[in-house]
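In what follows, a single structure is set out as structure tokens and then discussed.
Each chain gets a letter, A, B and so on, in the order its sequence line appears, and its residues count up from 1.
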Amino acid sequence: MSKELPKAYEPKNYEDEIYKKWEDSGLFNPDNLELEKGADYFSVSMPPPNVTGVLHLGHALENSLMDTEVRYQRMRGKKTLLVPGTDHAAVATQAKVEKVLLAEGIANPRITLGREKLLERVREYSENSKATIIKQIKKLGTSCDWSRLAYTFDEARSTAVNEVFIKMYNDGLVYKGYRAVNWSVKGQSTCSDDELVYVEQKTKLYTFKYSKDFPIAIATTRPETKLGDTAVAVNPKDKRYKKFIGKIFTVEIGAAKPLKIEIIGDDSIDMNFGTGAVGVTPAHSMIDFELFLKHNLILIPVIGADGRMTADAGITYQGLTVIEAREKMVAWLQENSLMEKEEEIIHSIGTSDRFGDVIEVIPMEQWFVNVNKEIPGRKKSLKELMREAVSVGHNGDPKKKIAITPDRFNNQYFHWIDNLRDWCISRQIWWGHRILVWSKSHNVERITHITYFVHGTTTDNEKEIATGWLDGELSDLGKKQAIELGEKIQEQKFDVVICSDLKRAVDSAKLMFGEKYEIITDKRLREANYGDYNGKKHSFKNNLTDYISQSFTNGENYFDVQKRITEFLSEAMDKYAGKKIAIVAHQAPQLALEVVLKGKSWAEAMNEDWRRKKAWQPGWNYDLEKLVYVSSEAPQGEGWNQDPDTLDTWFSSGLWTFSTLGWPAHAKASVGKPERLGDLAKFHPTSWMQMGYEILFFWMARMILMSTYVLNDIPFKNVYIHGILRDKDGRKFSKSLGNGIDPIEVINQYGADALRLSLILGITPGNDARFYEEKVEGARNFINKLWNISRYILSSQKEAKLPIGSLASYNLTLADRWVLGEMRDLIKNYHEDLENYRFSQAGERLREFTWNSLADWYLEASKFEKSEIKAEILEMILTDLLKLWHPFIPFVTEVIWQEINPGKFLMVEKLPSPTSLQSFLQPLPASPAASGFGTPLLIRRGDGGEVVAANFNLVIDIITAIRNARAENKVEPGRKIKAVIYAGKATDLLKSQEAIIKGLRTGIEELEIKAKGEELSDAIYAVAGGVEIYLIGAVDAKKEKVRIEKEVANLEKLIKNLKNKLANKEFVDKAPQEIVKNEKDKLENYRSELEKLEKQVKNL
RNA sequence: GGACGACUAGCUCAGUUGGUUAGAGCGCUACAUUGACAUUGUAGAGGUCACAGGUUCGAAUCCUGUGCCGUCCACCA
């Protein structure tokens, strides 16, 4: 088999073609892999690139790491899946498109275009971007399953988002609240705490008093917000101010109304900082807002969503920007001699990471995820779930513990969790998943009033039998209850009486209201349908909350009840506007009213005391003013409006590991006991996740939150944190610096393999790395080397092959044994490195073996010695080497592989295992006889006999010593000389290596090897591994003397150090015997070498 | 203010549990061009492992402190 390959590897000529072959083969899809039965699953969800543009080098790094890991696992025979995808990146993408539109001359895109048209433009942009990104991922060689391509904004992913939002809402974890939020005036949207970028700025810190007679001075960098101050906080232990706590001062500083400033005591105040007192502006500071909640203060917003001062700020300030207002306020304080101090300080201010403007804290009604509230039925908060997954494992199960590499990021993660506030999830931009909250309201004059009665008890009720839709009779007690209730409410007037169509409700209504009213029945007011549970003795008291979102078998869940009640109410709102309605029905619908009209969660409603103590009471009153309904579709009926806000983009990213694996379609139940099917059952939790530390909190934390909450499982088992790439000077890559490098251009110039290798070599987990062209060049050079090694090996193949399986029964040369031993060590270390995510080290090792051991020594040696199965060994090594390299540089290895094995794919070959060479090679324990020859190998022959061989390293040392001695003596490279070697015990061995010693660039024409002999003068002299070498007839006495003296000096130094060490009694006594012996042996070797050299100096 | 990381050859970085004459790649110096490869080969120079203490028979490695650079978090009233 003789192959003709081009002299240099040209990636351009192969890469696209190879990727297409891979894709067409279907092998990226684990369903198509032919694997052993019971093969492990291995899955990775690709961190989805934002559709804000094209891929940058950071993505290339991620793809390289990810694909190396994935290909490694695939080649270990695992059922391997890498799911590709992209992220709609809500704010980022809209901000980007708005910028483009501005450049096009559309001054205010949101107003000019409106919601639908703007969204169309964003969609168009993102689709283009998506297409480009996919092409780029393919260029990088990433082996992902395109049949499972996902997008955070596609239908399946949107369904997942909707379902989770609804679930959280129903669990009472999502709430709408009026709270201080981060507001970008430029973007006209909120952002979460994590989306702030802090910028250091010089600012003035003003110390002043509100009025001349106000007893406490306060300091601020934001005087304009002081128009909304409602308190001054001091430390309760502060002797200076203690006496004022509780007092209220009225001051006039120019706001619309005089400010009532209450002095409050709070432990959080640092007495020693500034004046020791804080002016509290609840509306415009996160901290102050918390003081506002804690101390029940007043809140006065003085800055509006437009970034200008509000009417409450006073006529002088209204409509001014904050900067203008600040100047005015400062001037006013100065004029009135209230300013005590002005000093310049440096402090950091929060800016929007997407819009770039300074963030204002403004109180607004927004949606939040409550991270501290107990999740119904779980006895834990989201925060606790998030902490647990990384500390002790999910639900305390150590098998469900997420391992972060490097583990120092654990602490950072825990610290972040400790400081986590409720997550503001609503955004006022349009590009994103719209919040699924529908509302319908009436104006105040037309409010419908509802008085709700629960029917009298039935026999089943009394026996604690679940009744549901069973139509039981009222018991005697029930009749009595209804009659008594009727008497109690005699005075009340209603316009309409409506009851459920079940008998117990109708009968109760009749007994209560007699003939006074016409009684209308409505099916929608029925009790919850308990399905199979009907007629059975119930145990609702303890575990009713379990059924909140889990359906009763063949029945309903409570949200089904909520749905029909909402529809009923929506209709009632229109039909009976302004009227008074009496409803006689059951318990579940009543709870639904608490939920729908009082804004309670089901869990809260169910846990209220009245349920336990007294079910029957004379009516609950509700105002049917506003209906809120959470659902992926608008409820039936007229007049429903959807919340205009969209969800934080990280809400959808948090679901990524399971929304890409078919959730919720592949999960039968969504809560409690999620039954998993399909991909979800096989591939979740995912095996591995890789991300930059800069999105640890954004993303990793949210994936953990979502997965533990929704699936009751961790999202991934291992997280590999990588650093960020920097340019040659250590600067971040950024548009403004103009130092960006387009990965595709690098690929065009050097090839994808070279780019990948240059990104992976020299990196360590969690640390930043620099990227520069020389690195890629080096990688390209290496790949070309590998190409040429292959070229040489392929050209040296014979037509007829000997069976390689019986290798051990052939006579192997010293070099053969050596290279096979090196290979065995390489394979072992390679697996160890990769199992511990030491990608760089595994790569370095491979390069070391390939370039040094194989190319520089073994291949060179093979030119000068012919063993009977040299060709087979070479091919075996090449085959294994291609496999080992494949995860790193998939293209070139696959190209070469297919030259050897047409029609077969390297990407699904099985990696050599650490034991695959063990059958005929194993290390022999070091013995005295073998010392000085490196680690000898035991060769087990086919006939069962054993042969001990000295290591090839001795030959290497001798050759290197000869080359060195020649070069130092300035012997012209072309000049052929004679060498005499006194080899002692190694004589026979070296005689067998004559051809190699002569051939490998030593320029030796005549070689004499004997055990020992006379000292030769007029020769270049060298010692290597105890063997003496004389090079005859080329000595430059002067140079040789200098060289040997240098070596002598070096040896003397080493000997001195060793002697001192061994003279130290403590060392000899305390150090392990092995070490001591080693040192002694070393000393002996040095001494004998020194002796020889010293003699030789005299001969010169 | 708190936490974390980095400080090793001219440059970029390895160095896994303390024991090697401290390594690699690039760069540099000298030399080499008869077919695997000049995207190459051979040889070489180059380091007080930031500093100061300590633990230890033994420290680049462990501890303490200092310096310098960087990152994150909190605060900046």
Judged by nearest nucleotide, the residue sitting upstream toward the 5' end of RNA chain B, A:Lys1070 or A:Thr221, is A:Lys1070
Please confirm whether any donor atom in the side chain of A:Ser348 sits under 3.5 Å from an acceptor in the base of B:C75, or the reverse. yes
Mind checking salt bridge (Lys or Arg N to Asp or Glu O under 4.0 Å) for A:Arg387 and listing every partner two or more places apart, or none if nothing turns up? A:Asp418
Check the angle between the aromatic planes of A:Phe697 and A:Trp416 and answer parallel, tilted or perpendicular using the 30° and 60° thresholds. parallel
Can you tell me how far P in B:G15 sits from the matching atom in B:G54, rounded to whole Å? 29 Å
Base versus backbone protein contacts along nucleotides 32-40 of chain B [heavy-atom cut-off under 4.0 Å; B, S, -]: S---BB-BS
Would the number of heavy atoms belonging to other residues, nucleotides or ligands and lying under 6.0 Å from NZ of A:Lys1059 be above 12? no
When the P atoms of B:C28 and B:U21 are considered, how many whole Å apart are they? 31 Å
Closest contact, heavy atoms only, A:Leu696 versus A:Phe409: CD2-CD2, 4.0 Å
Does the cation-pi check pass for A:Lys1053 over A:Tyr1086, that is, NZ or CZ under 6.0 Å from the six-membered ring centre and within 45° of its axis? no
With pairs defined as Watson-Crick or G-U wobble and both distances under 3.5 angstrom, please note down RNA chain B as a dot-bracket string, | for pairing with another strand. (((((.(..((((.....[...)))).(((((.......))))).....(((((..]....)))))).)))))....
Rounding to an integer number of angstrom, what distance separates B:A38 and B:U33 when you compare their C1' atoms? 8 Å
Within this structure, what is the CD-to-C1' distance between A:Glu1079 and B:C57, rounded to whole angstrom? 12 Å
Using a cutoff of under 3.5 Å, can you pull out all pairs of nitrogen or oxygen atoms linking the protein to nucleotides 44-50 of chain B, with atom names and distances?
| from | atom 1 | to | atom 2 | distance (Å) |
| --- | --- | --- | --- | --- |
| B:G44 | OP1 | A:Asn964 | ND2 | 2.6 |

Derivation of the salt bridge (Lys or Arg N to Asp or Glu O under 4.0 Å) call for A:Lys732 and A:Glu694: CA-CA 13 Å; A:Lys732 274 189 178 183; A:Glu694 75 278 9; over 6 Å; no
Taking B:C7 as the reference, what is the distance to B:G70 when you measure between their P atoms (whole Å, please)? 15 Å
Sequence neighbours excluded, the answer for salt bridge (Lys or Arg N to Asp or Glu O under 4.0 Å) partners of A:Asp825 is none
Using only heavy-atom distances, decide whether a donor-acceptor pair under 3.5 angstrom links the side-chain of A:Arg838 to the base of B:U16. yes
Determine the interatomic distance between P on B:A43 and the same-named atom on B:C49; round to the nearest Å. 28 Å
Please work out if A:Ile287 contacts a base, only the sugar-phosphate, or nothing of the nucleic acid, heavy-atom cut-off 4.0 Å. sugar-phosphate
Give a yes or no on whether a salt bridge exists between A:Glu1079 and A:Lys1061, defined as a side-chain N under 4.0 angstrom from a carboxylate O. yes
Check whether any side-chain nitrogen or oxygen of A:Lys1082 sits under 4.0 Å from OP1 or OP2 of B:U21, and answer yes or no. yes
Any A:Arg770 side-chain nitrogen or oxygen under 4.0 Å from OP1 or OP2 of B:C13: yes
Protein within reach of the bases, or only the backbone? For nucleotides 4-10 of chain B, mark each nucleotide 5' to 3' as B, S or -, using heavy atoms under 4.0 Å. SS-----
